[in-house]
Amino acid sequence: MDPIVIVMLLGGLILMLLIVGAPIKPIRFIGNIGVKLIVGCLLLFFVNAFGSFIDFHIPINGVTAAVSGLLGIPGVALLIVVKFFIL
């Protein structure tokens with residue numbers, strides 16, 4: 001799609017939400033999930049950055065980001081254990 005069309009669609013959606021009003025709880029829930037996924041990606045990035053010294057790498061994809069984001073530090077530890085002992 002053309003970038004102008006995408007910007008116009010997003011602008012129209014924002015305008016519609018401002019006029020009609022957005023249901024707050026679903027948007028807040030989706031926002032919280034998005035923030036947790038981003039934090040999970042950052043945690044995996046730091047594990048990969050420090051793991052490069054010992055030739056250790058965990059791929060960053062949707063599943064690993066969800067596990068590390070929703071479970072936090074224990075999720076990252078779980079991924080490390082799975083990588084070392086199972087894979």
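The first residue of the sequence shown is numbered 1, and numbering continues consecutively from there.
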(message) Which label fits Phe53 and Phe50: parallel for a plane angle under 30°, tilted from 30 to 60°, or perpendicular past 60°?
(response) tilted
(request) Could you point out which residue of Val39, Asn61, Thr64 forms a side chain to side chain contact (heavy atoms under 4.5 Å, CB included) with Leu44? (result) Thr64
(message) Quick one: does any side-chain atom of Asn48 pair with a main-chain N or O of His57 as donor and acceptor, under 3.5 Å?
(response) no
(message) Applying a strict under-4.5 Å side-chain criterion to I, L, V, M, F, W and Y, I'd like to know whether Phe85 and Val67 cluster together.
(response) yes
(request) Evaluate whether atom CZ of Phe56 has more than 12 neighbouring non-hydrogen atoms of other residues, nucleotides or ligands under 6.0 angstrom away. (result) yes
(message) Same cluster or not: Leu43 versus Ile80, using hydrophobic residues (I, L, V, M, F, W, Y) connected whenever any side-chain heavy atoms lie under 4.5 Å apart?
(response) yes
(message) For a 4.5 angstrom cut-off between non-hydrogen side-chain atoms, does Ile86 reach Val81?
(response) no
(message) How close do Cys41 and Ser68 get, counting heavy atoms only, and between which atoms?
(response) N-OG, 4.4 Å
(message) Please tell me whether Val7 and Val5 are part of a single hydrophobic cluster in this structure, the criterion being side-chain heavy atoms less than 4.5 Å apart.
(response) no
(request) Could you give me the CA-CA distance, side-chain angles and deciding distance for Ile33 and Leu70, then say whether side chain to side chain contact (heavy atoms under 4.5 Å, CB included) is met? (result) CA-CA 8 Å; Ile33 295 293; Leu70 296 176; 4.2 Å; yes
(request) Would you kindly confirm whether Ile38 and Ile73 end up in one hydrophobic cluster when ILVMFWY residues are joined by side chain heavy atoms under 4.5 Å apart? (result) no
(request) Determine whether Val35 and Leu71 fall in the same hydrophobic cluster, where Ile, Leu, Val, Met, Phe, Trp and Tyr are linked whenever their side-chain heavy atoms lie under 4.5 Å apart. (result) yes
(message) Looking at Leu15, I'd like to know if its CG atom is crowded, meaning that more than 12 non-hydrogen atoms belonging to other residues, nucleotides or ligands lie closer than 6.0 Å.
(response) yes
(message) Could you check whether any side-chain heavy atom of Leu79 comes within less than 4.5 Å of a side-chain heavy atom of Val47, counting everything from C-beta outward?
(response) no
